[in-house]
Every structure is written in structure tokens, then in C-alpha cells.
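In what follows, a single structure is set out as C-alpha cells and then discussed.
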Amino acid sequence: MISLQHVSKKFGERQAVDNISFDIKDGETVALLGTSGCGKTTTLRMINRLTEADSGSIIVNGQSNKELPLEELRRGIGYVLQHNGLFPHYTIEENIAIVPGLFKWQAHKIKKRITELLAQLHLPENILAQYPAALSGGQQQRVGLARALAADPPILLMDEPFGALDAVTRAEITKDFRRLDILQSKTILLVTHDIQEAFALADRIILMHEGKIMQQGTAATLLFSPANNFVKDFFAQNRLQSELSAVTVADAAGFFAEGNNGNGQLVNVDHAQSLWELLEQQNGNNKANEINAASVLQALENWKKNFNE
Amino acid sequence: MNENGINLWQFMQEQSSKIWEQLLAHIGLTFISLFIAIIIAVPLGIFIARKKKFAGMVLGITGVLQTIPSIALLGFMIPLLGIGPKPAIVALFLYALLPILRNTYTGITGVDAAVRDAANGMGLSRMQVLFKVELPLAFPVIMAGIRTATVINVGVATLAAYIAAGGLGEFIFGGIALNNTNMILAGAIPAALLAIVLDFLLGLLQKMKRRKLRFAFILLPVICLVLSSFYLLPSFYGSSLLAGFTPEFMGRQDGYLGLKNVYNLNMRNVVISDAVMYKAAFEKKLDVISGYSTDGRLKAFDLVTLEDDKHIFPPYYVAPVVRNEVLEQHPELESILNLLSGKINDSTMTALNYEVDYLKKTPEAVAKKFLQEQQLYKAPQNRNGDEIRIGSKIFGEQYILAAMYSMLIEGYSNLKVSAKTGLGGTKICFDALTNNQIDVYPEYSGTALLVILNANETAVKQLAGNKDSVYHFVQQEFQKKYKLSWLQPVGFNNTYALMMRKAQAEQLGIVTIRDLVEAVKN
């Protein structure tokens with residue numbers, strides 16, 4: 001769906017992006033991870049040409065992104081920014097209707113689409129007539145997402161979409177985000193500096209440093225078989241949390257010494273969630289089907305041993 | 001507020017049609033220039049917000065324009081655009097430029113980068129970004145600039161009266177020149193109210209909701225155009241003889257009023273500052289002007305004075321007027337100031353004025369040379385005595401006299417002189433003297449009689465023509481009313497006179513004012 005080949009960009013003397021190549025498959029969610037200044041945002045912005053690449057080629061939907069007229073290219077790609085970028089002088093309804101308006105959709109079709117989006121993104125109808133300033137940060141971010149999705153683009157570019165939110169809202173919205181049906185079919189490139197966010201949302205992670213790609217692969221690959229010392233050091237902090245987040249219940253299902261039904265099986269547990277989320281769920285829920293923390297950690301250790309062999 | 005038994009309200013009622021006419025001209029001037037400024041400054045502001053490398057230069061140039069004193073800017077316009085509405089509109093336009101330009105630039109560059117990014121990222125075209133995002137968000141800031149420009153324009157437009165463009169300045173400057181507070185206020189109050197009302201109305205527009213913005217974008221130019229049309233240009237341009245009179249002359253019995261009453265002169269006229277009047281006559285923008293008979297520019301611009309065959313212009317003999325207290329403290333001043341007495345006649349004064357006004361010598365240099373020729377000049381003494389403050393009105397002759405008096409005082413006594421020259425009119429000079437801001441200034445007997453003492457018609461008739469009786473009358477009255485002393489007259493008579501270009505006067509066979517009246521009738 002998206003393919004970058006030998007793409008470079010210089011700002012003055014600074015090499016912001018240095019000869020990088022990667023592909024994103026249809027329906028895949030990929031995170032560009034790295035510290036600030038590593039070139040991840042520049043990489044993202046070169047795809048919808050908010051920044052023009054100096055060299056290399058970028059293919060979007062089977063076509064070089066320079067072939068299409070600029071406006072047409074951008075209208076076909078959803079774009080979500082850190083500081084949502086909602087038009088402060090437009091109501092929520094008008095904000096969401098911008099791109100459909102550019103496509104000259106009929107009013108009733110826009111109206112229908114907006115109702116649909118609100119329902120899917122769990123936003124109340126009564127915000128439609130309000131201005132962005134009246135909404136909470138979390139709501140603003142959802143509206144930003146609704147606006148990007150309004151004309152149903154196949155591709156979504158997200159630049160630190162939850163970066164401006166407080167930790168609690170952010171954790172909530174991140175979890176929520178992954179379950180949104182509306183996003184399941186989209187090809188998503190997400191820029192973030194937050195390891196947990198990348199692990200929670202992305203199928204695959206591209207770790208960048210000083211304009212270069214350090215390693216790309218699943219969370220587990222980066223974590224448990226780092227390509228170099230940079231990658232290793234990058235995940236050193238909160239390593240346990242990262243490890244728990246990188247491994248899903250499904251991955252580790254065979255490594256639990258005992259289950260929660262007395263037969264060594266896990267029942268009534270969402271296998272798609274990570275071990276970290278599984279642990280979170282157990283907190284303060286001392287009833288049936290309880291899995292104790294020690295057994296989860298044990299399962300992780302067992303899984304790691306297996307992974308390394 | 002009582003003056004001649006008429007209060008301000010009565011004066012304004014009497015003059016209501018004139019105030020109305022001036023107010024409309026004022027609004028017209030303000031909005032024509034504002035409209036042109038908006039049309040140019042808003043696109044230019046958008047341009048420099050996009051191409052920032054030009055911003056410094058463009059804002060710098062308009063900033064410099066803003067610092068040119070308004071009256072000087074009007075002066076620069078005369079050779080290029082003549083007198084009347086054209087130079088006034090151009091000058092006002094230049095003043096309105098900076099606030100609108102700077103606010104447009106600030107407004108556009110101040111739009112949140114994330115919002116602009118989002119707009120671009122969603123695929124809005126450049127024009128859509130401008131009209132849907134940048135302009136609406138910058139609108140309150142741009143409107144604030146337009147409000148500032150409007151208020152500035154209402155203020156500066158009063159100066160348009162100096163170059164025959166009309167407006168409320170006619171009353172304001174006429175009032176200052178004539179020592180008529182009612183007249184000043186009749187111009188100043190409507191001007192102030194106009195500024196407040198326009199600012200308020202534009203403020204409403206500024207706070208308008210976005211939905212109505214499109215409406216505002218259309219409304220603003222329409223309002224500008226409608227208000228601009230108040231200013232009717234055609235009456236100014238025409239073929240027959242045109243007179244330009246100073247605001248002071250317009251309101252004086254021994255000026256325009258006398259010309260109308262006594263001579264039945266009824267010609268097209270405009271109000272203009274004497275700083276530009278002679279030049280305008282020379283450049284054929286005006287045919288008849290109200291000048292001073294000793295003015296150096298008479299000689300410079302080849303003008304002739306028309307004979308006042310019905311004697312409406314009383315004698316104007318100049319003499320130093322001093323506060324009594326100063327004379328008591330420094331009795332020697334009287335003899336020093338009287339040293340000039342009888343030394344300068346009309347033609348000498350015209351020649352001295354010519355050197356200053358036309359040959360551009362400094363008044364000090366001309367004064368010193370004259371005193372040396374008369375063997376009156378002495379090098380300054382030690383200047384360790386008290387300070388004497390000498391005032392003068394704002395034209396060459398007064399500067400020369402003030403310079404002569406300074407040199408004489410410092411040469412013949414140990415007093416120190418500070419000059420407060422260039423006071424803009426009879427009223428300002430006289431008020432400065434009575435309020436102990438200056439100690440002495442040269443005044444004309446006729447001006448004192450008619451402007452300061454407001455002598456009634458019968459008194460004027462009794463005195464008319466006789467220079468000594470006028471002088472004695474004002475001397476007595478000043479002593480009695482204001483405790484001010486008139487010292488001995490210098491000798492020349494700088495009376496009002498009507499002037500024309502020599503060539504034109506000869507061609508039309510005009511020698512006297514009566515000839516002029518006949519010429520205008522035909």
C-alpha cells in the first residue's frame with residue numbers, strides 16, 4: 001500500500017532522513033518509533049508531501065505520490081496530528097465535514113456519514129454544534145480522527161495522535177483505539193515516541209535514530225532479538241512492562257504452568273490482549289477465573305526461553 | 001464657553017449646515033483613503049506573510065512613511081499633486097497603510113501552525129486555505145488594524161483643510177487663528193465623535209460571528225464606497241477663477257467676510273494653509289490668494305497685490321507686546337526693544353522676508369546682517385541674568401523679528417533669551433503670553449483690534465484707516481484688560497492683501513479688488 005525506497009531529506013546541513021526504505025502492507029498498522037529529532041515525523045510528512053523528499057521514491061496505492069495533483073493525493077489520505085489541528089472557527093460538524101465537502105458530497109450523505117462516525121468513535125451527538133474549544137482533549141482527538149476518516153480514505157497517517165493527552169486519557173483512548181472496527185481495514189502509519197503505545201497499537205514497529213532505520217519487525221523481535229546495541233538500550237527502561245506488552249496471551253498460552261480452571265487452561269480470557277493487559281485486568285478482581293501474577297511472569301519467562309531457542 | 005454672548009450650542013446651530021457639509025467631506029476623505037488602503041494593504045500583508053523575506057523591507061518602508069509628520073507629508077504632495085482632495089487622499093492613504101498591513105501580516109502569520117498543517121494535510125488548495133482558514137482566523141486582527149487606521153485617518157483628515165481639501169479642519173484651524181473657541185469646538189467635537197462612532201461600528205464588525213463573515217467581507221467595501229461618495233469632488237475643479245484663503249482670513253471681518261459684505265465678492269474659494277498658498281498660486285492651482293503685503297514670496301513668485309480701494313483691510317503695524325511684570329523687573333527691556341522702532345519699512349521687510357522665504361537663509365543670519373548694517377548689532381554679553389522668553393507666530397517675518405529681538409536683548413543686557421518660535425496662530429501666541437508661557441512677541445495692531453479685542457463694527461469704523469488711532473486704541477485696551485504693554489511700532493505695515501499672478505492680473509486688467517469683483521461677475 002505504501003512503499004518508500006531510498007528516501008532522503010536534508011534541512012539545511014542537517015540530514016533529517018537518511019536513505020530509508022520500508023513497505024507497509026494493505027491493512028497493516030505500522031509504528032515509526034524513535035526519540036524526537038530522529039526523522040520519524042519528516043518521514044510521515046513526506047508521504048502526503050507536506051514535506052518534499054529530496055531523493056528516493058514513495059509509492060502510495062501503487063502510484064508515485066508525485067504523479068497525482070497535490071490536493072488529490074492528500075484528500076485520499078487521512079491525516080491526524082498531535083495538536084488535533086481542528087479549525088477553531090468551525091463547529092465539530094463542520095470540522096468533520098471538511099473533506100467530504102471538498103469531494104462535493106451531498107448534504108444528506110455527509111450528515112449520514114457523520115452520524116455513523118460519531119457512533120463508531122463513541123462521541124455524543126450533542127457536540128456537533130459545539131466549537132472545538134468546548135471539548136475535552138480526548139474528545140478533540142476523537143473528532144480529529146473522525147475528520148480524518150470522514151471520506152473513508154484507505155490510508156491513515158497519524159503523527160503522535162495521543163501525544164498531547166494526559167497519561168490516563170491516553171491509556172484509555174489507546175486501548176479503545178485498537179478495538180475500533182472502523183480502523184480494522186485501514187493501512188495506518190503511526191508516529192510515536194512512546195514504546196507502550198507502539199506495542200499496543202502496531203502490528204509492526206520501525207525504530208528510527210538520526211534519520212536511519214535501526215530495526216523493523218514485531219515488538220517481540222525488537223525486544224528479544226535486537227539488531228544492535230542502540231535497539232537494546234532503547235528498550236532498557238521499563239523493560240518488564242515492555243516485555244509483558246509485547247507478548248499476547250495467545251503467544252504465551254502454552255507456557256502457563258497452571259490455568260484458571262484447575263486444568264492448566266485459560267478460560268474466559270481475551271487471547272488477543274497482551275500479558276500486561278491481562279495483569280491489569282486481574283487487579284482487584286479476586287473472584288473466579290483469577291490468574292495470579294506469579295504465574296503470568298512465569299509464563300513470560302517460559303515463553304522467552306522458547307523464543308530464544 | 002461664552003464668547004461674544006454666543007454659546008457653543010448656538011454657534012453650532014447657526015453653523016449647522018456648514019458643520020454638516022464639513023463632516024460629510026471629512027467622512028468622505030477618511031473612507032476614500034481607507035478603502036484604497038484596504039485594497040492594497042490586505043493583499044500585500046498576505047503576500048509578505050507568505051514571502052517572509054520581503055516582510056522586513058515592506059514593513060520598514062511603510063513604517064518610515066508613518067513617521068513623516070502629517071503636515072510635512074501634505075507639503076511634499078503639493079508639487080506632485082497640487083492642492084485639494086488628491087494630495088489629501090494620498091497622504092491619508094499612506095498613513096492608513098501601516099496599521100492595516102502590519103495587522104494583516106500579524107494575523108496571517110499568527111494562525112496556529114497545526115491548523116494550517118491540518119488544512120494542507122486534508123488537501124485544501126492554497127486559495128481554500130487562505131479563504132477558509134487564514135483570513136477568517138486573522139479577521140479580528142485585520143479589523144483591529146482597520147479600526148486603528150480609521151481613527152488615525154479621522155484625526156489626520158483635519159489637516160486636509162491646510163491644502164484646500166475641506167473637512168472639519170476648516171473650523172478647527174479657523175477657530176485657532178481667530179481666537180474663537182466655539183469655532184474650534186464646532187470642528188473638534190464632531191471630529192472626536194466621528195472617531196468614536198466609527199471605531200465602535202467597526203468594533204461590532206470585528207466581533208461578528210464567522211457565519212456572517214462573508215457578509216462582513218462584502219459589507220465593508222460597500223460601506224467604504226457609500227461613505228466615500230459623500231465627498232463630492234466636482235465642485236472643486238472648474239474653469240473660472242479660484243481663490244484660496246487661509247482659515248483665519250475666512251472668518252475675519254477684515255477678510256473674506258468684508259470682501260463679501262463690502263465688495264460683494266462672490267467667487268469660488270477653498271480653504272488652505274498659508275504655508276502652501278503662495279506656491280499653489282504660483283503653480284496656477286489658485287488664482288487669487290489672501291496674503292500679507294510684506295511677504296517675501298510676493299517677490300519670489302511674481303505676485304501683485306490688489307489695491308484695497310474700499311479700505312476693508314485696517315493697518316497692521318507690528319510692535320512688540322510685553323507682559324507688564326517683565327517690564328517692571330527689567331525696565332531696560334523697553335529701550336532695548338524700541339531700538340528697532342522706525343528702522344524697517346514695507347519694502348525693507350519684504351526684502352528680508354524674501355531672503356528667508358525664498359533664498360532659504362536662516363532668520364538668524366538675515367536678522368544679524370540687518371542689525372550689523374544698521375550698526376545695532378552687539379556681541380552677546382555674559383547671559384547670566386534672568387531668562388526672557390520670546391514667542392513668534394509660524395511665518396518667516398515673525399521668526400526674523402524674534403531673532404532680532406533676541407540679539408538685541410543679549411547684546412544690550414546680561415539677560416538670557418529662549419525662543420519659543422513657531423506658535424501656530426494669534427490665539428496660541430496671545431494665550432501663551434497671558435498665561436505666562438512667554439514674555440514678549442511681535443503682534444500686529446490690526447490683528448489685535450479685530451481678533452483679540454473683537455472690536456465691534458462701529459469702533460472699527462471710527463478707527464479705520466488711521467494707523468495711529470488703531471495703535472493707541474489697542475495699546476490702551478491691552479493695558480486695561482490684560483496688563484500687557486505695546487512698545488513702539490517697528491515701522492512697516494503688514495496688512496492683508498489679495499494677490500494674483502502678475503501676468504494673469506495684467507491679462508485680465510485687474511488692479512483693484514473692485515476690478516476683481518467685475519472680472520468674477522463676467
Side-chain angles (χ1 to χ4, degrees), chain A residues 41 44-52 65 68-91 94-103 129 131-133 140-141 143-151 153 155-161 163-164, chain B residues 42 45-46 49-53 103-104 106-146 202-220:
Chain A
T41 295
L44 182 93
R45 290 167 63 94
M46 284 191 292
I47 294 171
N48 66 0
R49 290 175 61 197
L50 283 171
T51 302
E52 293 286 357
N65 70 348
L68 281 173
L70 199 55
E71 283 90 31
E72 204 176 310
L73 169 80
R74 289 173 178 170
R75 285 170 198 177
I77 300 177
Y79 183 46
V80 183
L81 301 85
Q82 174 172 10
H83 297 284
N84 67 64
L86 295 177
F87 292 1
H89 56 303
Y90 275 34
T91 62
E94 291 166 326
N95 262 293
I96 299 176
I98 293 172
V99 182
L102 294 175
F103 282 125
Y131 286 90
Q140 286 181 12
Q141 210 52 41
V143 173
L145 187 59
R147 184 174 68 171
L149 292 168
I155 299 172
L156 206 53
L157 300 179
M158 308 180 85
D159 188 0
E160 299 270 9
Chain B
V42 172
I46 293 167
R50 292 260 162 90
K51 310 264 180 215
K52 294 229 172 55
K53 60 182 169 183
N103 280 42
T104 304
T106 311
I108 298 279
T109 51
V111 171
D112 185 357
V115 173
R116 191 180 282 124
D117 237 17
N120 285 320
M122 281 187 288
L124 273 73
S125 68
R126 283 173 76 94
M127 278 296 146
Q128 285 169 329
V129 173
L130 179 65
F131 283 102
K132 286 179 190 286
V133 180
E134 292 178 319
L135 279 180
L137 289 176
F139 183 75
V141 185
I142 298 174
M143 272 310 294
I146 293 175
L202 291 171
L204 291 183
L205 211 58
Q206 183 180 0
K207 292 184 195 86
M208 213 172 235
K209 285 266 181 286
R210 183 181 63 88
R211 268 166 226 296
K212 296 179 190 155
L213 267 193
R214 197 170 304 170
F215 178 62
F217 276 123
I218 299 163
L219 191 65
L220 197 64

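Computed from a predicted model, the values in this text were never measured in an experiment. Every chain is numbered from 1, with letters handed out A, B, ... down the list of sequences.
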Problem set entry | Region of A:I98 in contact with chain B, defined by heavy-atom distances below 4.5 Å | side chain
For this session: Mind checking the CD-NE2 spacing from A:Q140 to A:H83? Nearest 0.5 Å is all I need.
Result: 11.5 Å
Exercise. Parallel under 30°, tilted from 30 to 60°, perpendicular over 60°: which one fits the rings of A:Y90 and A:F87?
Worked result: perpendicular
Exercise. Side chain, backbone, both or neither: which part of B:D112 has an atom under 4.5 Å from a heavy atom of chain A?
Worked result: neither
For this session: Side chain from CB out, backbone as N, CA, C, O: work out which of these in A:L73 comes under 4.5 Å of a heavy atom of chain B, or both, or neither.
Result: neither
Seminar exercise, completed: Bottom line for A:R45: the part with an atom under 4.5 Å from chain B's heavy atoms is side chain
Problem set entry | CG-CZ distance between B:N120 and A:R74, expressed to the nearest 0.5 angstrom | 5.5 Å
Exercise. Who wins among A:R75, A:Q82, A:E72 for the most heavy-atom pairs under 4.5 Å with chain B?
Worked result: A:R75
Exercise. Under a 4.5 Å heavy-atom cut-off, does chain A meet the side chain of B:A113, its backbone, both or neither?
Worked result: neither
Exercise. Rounded to the nearest 0.5 Å, how far does CG of A:L145 lie from CE of A:M158?
Worked result: 5.0 Å
Exercise. Taking atom CZ of B:R126 as the centre, does the number of heavy atoms from other residues, nucleotides or ligands within less than 6.0 Å exceed 12?
Worked result: no
